[in-house]
*Asks:* 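Dropping the structure in here first, questions after.
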Amino acid sequence: MHKIITILAGLLITACSTVSNITTSEDVKPWEKDILAQQDMQFPQDPMFSYSDEHIYFSKEASTGGNSVGGGGCGCN
Amino acid sequence: MKSIKKELTVATCTLLSQSPASVHALENAWELDSSYLFYSEADDRVTVHKFAVQAGGDVSDRDRVSLTAVLDTMSGSTPSGAVKQSTPSFTGASGGGGGGGDSTGALAKFDDTRAGMAISWAHTHDNNWEINYGGAVSIENDYESFNGSIIINKETSSKDYKFTLGLAVTADTIFRVGTNSTPEPLTLISDEKFLGEGEKNTTDIIAGVTHVINRRTVAQFNLAYSIANGYQTDPYKVFSVVDTTSNIAFGSYYEGRPGNRKRASITMQLNHQTYPANNVIHASYRYYTDDWDVDSHTLIFGQRFKFANTKYIEPKIRLYHQTKASFYQNEFFTDVTTNPDIPGSFPEYISADYRLDEMSSITPEIQFGAELSSDDHFRTRIGYMYQSFNASDFDTNKAIIFQIAYNKRF
């Protein structure tokens, strides 16, 4: 029981710490943008995967859009 | 102090040791991205092979062009809309020559190919303005689509905010394969009443802001609005008329959908690199609504774990829920012996397309990526999509998604 409480407390602290890191606003100088320039910090992270996902979910769900405009076609059985 | 001096010395040496080849690569920044996607549904339903190639690069210090080519082959069988007990419907499905995919006509076989091409040209203006012009063409055996778009981006001088405004217009032509016609909605399929090609025009608008929150966090907020006018019925989909007393299917009629649709969505996305592990959290949420009464929530969460500086693995999950369209019904009940005018008792629109039903979906997937060299990047992923429907005769849809992609910089 003690272990579970310790683990839960640890997870809570980690979650709070992450949320705090995300929401803390700060000025970012041009020379501090190395992390933000990485591909996995872009929208979308992987254009090829994103492009394929859009086709799959456009074809299989009733809702679409929200990320960009353009493209086209159906392929929607 | 000694430590800082050492770091500066290492950094200076690293800069000086850059080879002319890598400097050249950065200046030109041309890259080729290629991908193969395999999508396969359980129970011998839809199988898709998708090949895509994208080439992009700088043609001047202010202009970047990108060209994308895509080829899809789609085959298998898909729910026609008829209930499982009905007689064969012979309606077929997109690209198919018709014929039931099972003994009841509830599944329709199809075999289709789609070729698409897209081009974009981004021009950077002074004061952090960028305009991206795009065009796309997509041709199928029974669907043609032409699209033009313009996206304007403006970054603040500090580059902490980027504002985006995009407009796209799309003209689609829809017809049954080999016939250049579409069925008259809400008519018995055996009556073979056909009209001309269907045409649809769509205007999409998107407005967004991307904000650098801190050195490790960036967020994006998008508002999207879309208006589509014209033919939005699926020329292959049908619905069954079922007798209320015997519960036996009487016949299959072509579906009919409204001729206009207005969609709106709000999308929020967030990327955050954790400290000190340097893993990356990807999270997004979209709320969607339209005037067909479809509302949906989409939540995506992934965490990318990096190792050996050149590889990553990313478990990801996508959760989705939608309400049904107002005119969706799995079948139309009536007393076929006493109803003298069955079509006359139909509402204005009916569709039994399972994708317009209330639905929940979950897609777990795992991605893996590796930098084979500084200019070669390999990625792959495998996912499993599980959809659960509320009223459809086909109450689930399960699919495997597998993709490999390779990016090469020159």
*Asks:* Please classify the contact between B:Ile151 and chain A as side chain, backbone, both or neither, with a heavy-atom cut-off of under 4.5 Å.
*Replies:*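 The side chain, not the backbone.
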*Asks:* Pick one of side chain, backbone, both or neither for A:Gln39, based on which atoms fall under 4.5 Å of a heavy atom in chain B.
*Replies:*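 Contact with chain B involves no heavy atom of A:Gln39 at all.
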*Asks:* Could you pull out the closest heavy-atom pair between B:Thr217 and A:Asn21, with the gap in Å?
*Replies:*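 Minimum heavy-atom contact is OG1-O, 3.9 Å.
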*Asks:* Who among B:Leu167, B:Asn214, B:Thr164 has the most heavy-atom pairs with chain A under 4.5 Å?
*Replies:*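 Top count of heavy-atom pairs under 4.5 Å with chain A: B:Asn214.
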*Asks:* Can you name the nearest heavy-atom pair linking A:Phe43 to B:Asn271, along with the distance?
*Replies:*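 In this case the closest contact between A:Phe43 and B:Asn271 is CE2-ND2, 3.3 Å.
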*Asks:* Can you tell me how far CG of B:Leu356 sits from CD of A:Glu61, rounded to the nearest 0.5 angstrom?
*Replies:*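 Result: 12.0 Å between the selected atoms.
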*Asks:* Within the 4.5 Å heavy-atom criterion, are B:Arg114 and A:His55 side-chain neighbours or not?
*Replies:*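 Yes, at least one pair of side-chain atoms sits under 4.5 Å.
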*Asks:* Who wins among B:His377, B:Gln387, B:Arg304, B:Arg379 for the most heavy-atom pairs under 4.5 Å with chain A?
*Replies:*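 Maximum pair count with chain A is reached by B:Arg379.
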*Asks:* Counting only non-hydrogen atoms closer than 4.5 Å, does A:Tyr51 touch chain B with its backbone (N, CA, C, O), its side chain (CB onward), both, or neither?
*Replies:*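 When you check distances to chain B, only side chain atoms of A:Tyr51 fall under 4.5 Å.
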*Asks:* Need one label for B:Ile281: side chain, backbone, both or neither, based on atoms under 4.5 Å from any heavy atom in chain A.
*Replies:*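 Side chain only.
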*Asks:* For the interface with chain A, which of B:Lys159, B:His272, B:Gln54, B:Gln367 has the highest count of heavy-atom pairs at distances below 4.5 Å?
*Replies:*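 Ranked by heavy-atom pairs under 4.5 Å with chain A, first place is B:His272.
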*Asks:* Are a donor atom and an acceptor atom from the side chains of A:Gln45 and B:Glu314 found within less than 3.5 Å of each other?
*Replies:*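 No - no donor-acceptor pair under 3.5 Å links their side chains.
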*Asks:* Between B:Ser120 and chain A, which part of the residue has a heavy atom less than 4.5 Å away: side chain, backbone, both or neither?
*Replies:*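 For B:Ser120, no heavy atom lies under 4.5 Å from chain A.
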*Asks:* Please report the shortest heavy-atom distance between A:Ala62 and B:Asp290, naming the atom on each side.
*Replies:*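 Closest heavy-atom pair between A:Ala62 and B:Asp290: O-OD2, 4.4 Å.
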*Asks:* Is the closest side-chain donor-acceptor distance between A:Ser63 and B:Gln322 under 3.5 Å?
*Replies:*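 No pair is found: no donor N or O on one side chain lies under 3.5 Å from an acceptor on the other.
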*Asks:* Near A:Asp34 CG, under 6.0 Å, is it more than 12 heavy atoms from other residues, nucleotides or ligands?
*Replies:*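 Enclosed: over 12 neighbouring heavy atoms sit under 6.0 Å from CG of A:Asp34.
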*Asks:* Name the member of B:Ile139, B:Thr113, B:Ile213 that forms the most heavy-atom pairs with chain A at distances under 4.5 Å.
*Replies:*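 Max contact count across the listed options: B:Ile213.
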*Asks:* Name the region of B:Val48, side chain, backbone, both or neither, that has any atom closer than 4.5 Å to a heavy atom of chain A.
*Replies:*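 Neither part.
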*Asks:* Using 0.5 Å steps for rounding, measure from the CE atom of B:Met385 to the NZ atom of A:Lys60.
*Replies:*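 Here the rounded value is 6.5 Å.
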*Asks:* Below 4.0 angstrom, N of the basic side chain to O of the carboxylate: do A:Asp53 and B:Lys316 qualify?
*Replies:*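 Salt bridge between A:Asp53 and B:Lys316, a charged N being under 4.0 Å from a carboxylate O: no.
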*Asks:* Can you tell which part of B:Val218 gets under 4.5 Å to a heavy atom of chain A, answering side chain, backbone, both or neither?
*Replies:*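 Contact with chain A involves both backbone and side-chain atoms of B:Val218.
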*Asks:* Name the region of B:Asn278, side chain, backbone, both or neither, that has any atom closer than 4.5 Å to a heavy atom of chain A.
*Replies:*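 Neither the backbone nor the side chain of B:Asn278 comes within 4.5 Å of chain A.
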*Asks:* Mind listing the closest non-hydrogen atom pair of A:Ser52 and B:Lys50 along with its distance?
*Replies:*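 That closest heavy-atom pairing would be OG-CD, 4.0 Å.
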*Asks:* As an exercise: rank B:Gly208, B:Ala405, B:Ala219 by heavy-atom pairs under 4.5 Å with chain A and give me the winner.
*Replies:*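 Most heavy-atom pairs within the cutoff with chain A belong to B:Ala219.
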*Asks:* So which atom in B:Leu37 and which in A:Ile56 form the shortest heavy-atom distance, rounded to 0.1 Å?
*Replies:*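 Looks like CD2-CD1, 4.2 Å.
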*Asks:* Between B:Tyr225 and chain A, with a heavy-atom cut-off of 4.5 Å, which part of the residue counts as in contact: side chain, backbone, both or neither?
*Replies:*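 The answer is neither part of B:Tyr225.
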*Asks:* At their closest point, which heavy atom of A:Leu36 faces which heavy atom of B:Arg215, and how far apart are they?
*Replies:*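 Here A:Leu36 and B:Arg215 meet closest at CG-O, 3.6 Å.
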*Asks:* Hey, what do you get for CZ (B:Arg216) to OG1 (A:Thr24), rounding to the nearest 0.5 Å?
*Replies:*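 Here the interatomic distance stands at 12.5 Å.
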*Asks:* Does a salt bridge link A:Asp40 with B:Lys306, judged by any charged N lying under 4.0 Å from a carboxylate O?
*Replies:*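 Here A:Asp40 pairs with B:Lys306 in a salt bridge, since their nearest N and O are under 4.0 Å apart.
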*Asks:* Tell me, side chain or backbone of B:Glu144 under 4.5 Å from chain A's heavy atoms, or both, or neither?
*Replies:*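 When you check distances to chain A, no heavy atom of B:Glu144 falls under 4.5 Å.
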*Asks:* Which atoms of B:Thr380 come close to chain A, meaning under 4.5 Å heavy atom to heavy atom: side chain ones, backbone ones, both, or neither?
*Replies:*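 The backbone, not the side chain.
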*Asks:* Does the B:Arg355 side chain pair with the main chain of A:Phe58, one donor and one acceptor, at a distance under 3.5 Å?
*Replies:*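 No.
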*Asks:* Hey, what do you get for CD1 (A:Ile22) to CG (B:Leu270), rounding to the nearest 0.5 Å?
*Replies:*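 Reported to 0.5 Å precision, the distance equals 5.5 Å.
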*Asks:* Stepwise, does the side chain to side chain contact (heavy atoms under 4.5 Å, CB included) test hold for B:Thr298 with A:Tyr57?
*Replies:* CA-CA 11 Å; B:Thr298 312; A:Tyr57 297 119; over 6 Å; no
*Asks:* Nearest 0.5 angstrom please: A:Asn67 CG to B:Gln269 CD, how far?
*Replies:*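 So the CG of A:Asn67 and the CD of B:Gln269 are separated by 4.5 Å.
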*Asks:* Can you tell me which portion of B:Arg45 sits under 4.5 Å from chain A's heavy atoms? Options are side chain, backbone, both or neither.
*Replies:*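 Nothing of B:Arg45, per the 4.5 Å heavy-atom cut-off to chain A.
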*Asks:* Go through the steps for A:Lys33 and B:Asp160 under the test side chain to side chain contact (heavy atoms under 4.5 Å, CB included), then give the verdict.
*Replies:* CA-CA 10 Å; A:Lys33 290 191 172 169; B:Asp160 285 350; 3.7 Å; yes
*Asks:* Counting only non-hydrogen atoms closer than 4.5 Å, does B:Thr210 touch chain A with its backbone (N, CA, C, O), its side chain (CB onward), both, or neither?
*Replies:*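 Side chain only.
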*Asks:* Can you measure from CE (A:Met41) to NE2 (B:His282) and round to the nearest 0.5 angstrom?
*Replies:*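 Interatomic distance, A:Met41 CE to B:His282 NE2, rounded to 0.5 Å: 7.5 Å.
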